[in-house]
Amino acid sequence: MKNTSNTVKIISLILSMLMLLSLASCSMSNLNASDGNGGGYNGGMAESAPGASLDGENYTEITENEFVNTGDSNTSYFSIDANTASYPNLRSLINKGYSIHKDAVRVEEILNYFDYDYKASEGEDILALNASMFDTPYNPDTKLLTIGLAAEEIDFSGVKNNLVFLIDTSGSMFSDEKLPLVQQAFMMLTEALNPEDRVSIVTYAGSDKVALDGAYGYEKAKIMAVIEDLSAGGSTAGADGINSAYRLAEKYFIQGGNNRVILATDGDFNVGVSSTRGLENLISEKRQSGVYFSVYGVGRGNIQSEKMETLALKGNGTYSYIDSVKEARRALVQGIGGSIVTVAKDVKAGITFNPEFVESFRLIGYENKLLTEEEFNDSNTDAGELGSGHTVTVVYEIKLKSEGVLTDDSVEKLADVIIKYKPTENAGGDAEEEKELTLGVMNYVYRSTPTAENIFVASVIEFALILRDSEYKADANLEELITRLSGLDLANDEFKAEFRELVSKYQANINRHQ
């Protein structure tokens, strides 16, 4: 009886402890859901802790560009690329009701996600420059100067592709929004391959594995079977996978073709070379092979923005984020030319403002892509890449010394733009000879009545400034922003229309949690 009594007491004690643990867990879960740090919504306010968001997600810290007085310096230099990762990442965060870390908001990547009706290139140039200027809707004291860059859209049907799908299959990828989404994305890309293309597949978890070695594009069923058979588990030896992927890309290298490693990962690197600097050195060494390296991020909880962007930048590729099957189709199938066919590498911009008319200027975005004048003029400087049909939008907020330069009858130059780039073999170049494209920005590019495209560009910037709680947001206001967007006819552009809906959803999220 005594033993039985003791047993009952022990069982009761265990049950009591389990109940207490359960209650504590529920309380902590509720706390995390409301404090904005554990994945819950915090009313949309920018988080104060730099580089931390959502259980392990890290973003490159951004210090916004300041206004520069032209009396002190009238030049601006930076590297150009067509990265778009910030926008689908933000879309995912807003749709799921998460808080927005300010450093997740990269203005240039949001702008460059959308297509714009820029003038196409002419003659031998594979890039074309456009300019427009209009009143800043959220700041009565400034103007927005937009510089549009459009890359030639080439016929890539005859370009042979040598692709290596480098797929993260570690345990952190065990989620519907991670490995299963990656599988769907690569199967859609496989469907778009030409018969003579070559495809290899490398997976990595605790170690790397060659799952497919140099199959042809016509062997679609074979390629898809390998992709479909993938499963997640183990730690993350990303560097080993990168080495194996480059080895296969070099093994099947196509002279004059498109040779590229395409990495899909949630961003977790925890075995072997895992630091940003270590990965940067690894990729910088490998890019000498002529193989490009693009990165696609997926899922929530492990995004390591700095590492993923560094891999793409140093690998002469682009960094994108996939939050849905629809986005996978857009990025890898509908935009296959821009995604995997590079037409210009080491693309750099240099802008010189005329101090006679421009009092000060501020480059919006591109904070971690700034260059010195020496780097801009050095043809060996590693800079960004543009793919077939890509458009890039650069925006400066400027203060004029007098509005008269916009209203008088004389023609005056406000700025000079120089774009330096190296055409790749895909565009008839050799990727070594640097070329220049120039544009004089005259006062007549000013529009007292902005175009629909001007309004959309300004709306993207204003929304980004609000999300960042930027010191440069001036009179930015969500309600007025939504009103301006509501006046645009976006019926022919589903992605711009989706942006308008996203801004409204963000406001609704805020209203629900006030």
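Model, not experiment: these values are computed from the prediction. We use all heavy atoms of the structure for the numbers below, so side chains are in, but hydrogens, waters and symmetry mates are not.
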- Task: Answer yes when E462 and R484 have at least one side-chain N-carboxylate O distance shorter than 4.0 Å, and no when they do not.
- Result: yes
- Does N509 use its side chain to pair, donor to acceptor, with the backbone of I94 at less than 3.5 Å? yes
- Item | salt bridge (Lys or Arg N to Asp or Glu O under 4.0 Å) against K473, all qualifying residues, sequence neighbours excluded | D469
- Item | Any donor-acceptor N/O pair, E375 side chain to T372 backbone, under 3.5 Å | yes
- Any donor-acceptor pair under 3.5 Å linking the side chain of N139 with the backbone of A474? no
- Can any side-chain N or O of S360 pair as donor or acceptor with the backbone N or O of V68 at less than 3.5 Å? no
- Query: Can you tell me if D103 uses its side chain to pair, donor with acceptor, with the backbone of Y59 under 3.5 Å?
  - Reply: no
- Item | Side chain R260, main chain F293, donor-acceptor under 3.5 Å | no
- Task: Report yes or no: does N368 contribute a side-chain atom to a donor-acceptor pair with the main-chain N or O of T60 at less than 3.5 Å?
- Result: no
- Query: Do T70 side-chain atoms and S73 backbone N/O form a donor-acceptor pair below 3.5 Å?
  - Reply: no
- Query: With respect to D266, which candidate in S172, S170, S175 satisfies the side chain to side chain donor-acceptor pair (under 3.5 Å) definition?
  - Reply: S172
- Applying the side chain to side chain donor-acceptor pair (under 3.5 Å) test to K420, which of N377, D346, D378, T381 qualifies? N377
- Query: Does a salt bridge link K143 with E403, judged by any charged N lying under 4.0 Å from a carboxylate O?
  - Reply: yes
- Short question: side chain of T136, backbone of T142 - any donor-acceptor pair under 3.5 Å? yes
- Query: Do the rings of Y113 and Y87 sit parallel, tilted or perpendicular, given the 30° and 60° boundaries?
  - Reply: tilted
- Query: In terms of side-chain geometry, is the basic nitrogen of E108 or R106 positioned less than 4.0 Å from the acidic oxygen of its partner?
  - Reply: yes
- Item | Parallel, tilted or perpendicular, as decided by the 30° and 60° cut-offs, for the rings of F361 and F353 | parallel
- Item | Carboxylate-amine/guanidinium contact E309 K369, below 4.0 Å | yes
- Would you call E453 and R447 a salt bridge, using N to O less than 4.0 angstrom? no
- Query: So, are R300 and E57 salt-bridged, with charged N and O less than 4.0 Å apart?
  - Reply: yes
- Task: For the pair Y366 and F78, name the ring-plane relationship: parallel under 30°, tilted 30 to 60°, perpendicular over 60°.
- Result: tilted
- I would like to know whether Y319 and Y296 meet ring pair (Phe, Tyr, Trp, His ring centres under 6.0 Å); could you show each step before the answer? CA-CA 6 Å; Y319 170 39; Y296 289 87; 8.8 Å; no
- Query: Does any N or O in the side chain of Y321 come within less than 3.5 Å of the main-chain N or O of G299, such that one atom is a donor and the other an acceptor?
  - Reply: yes
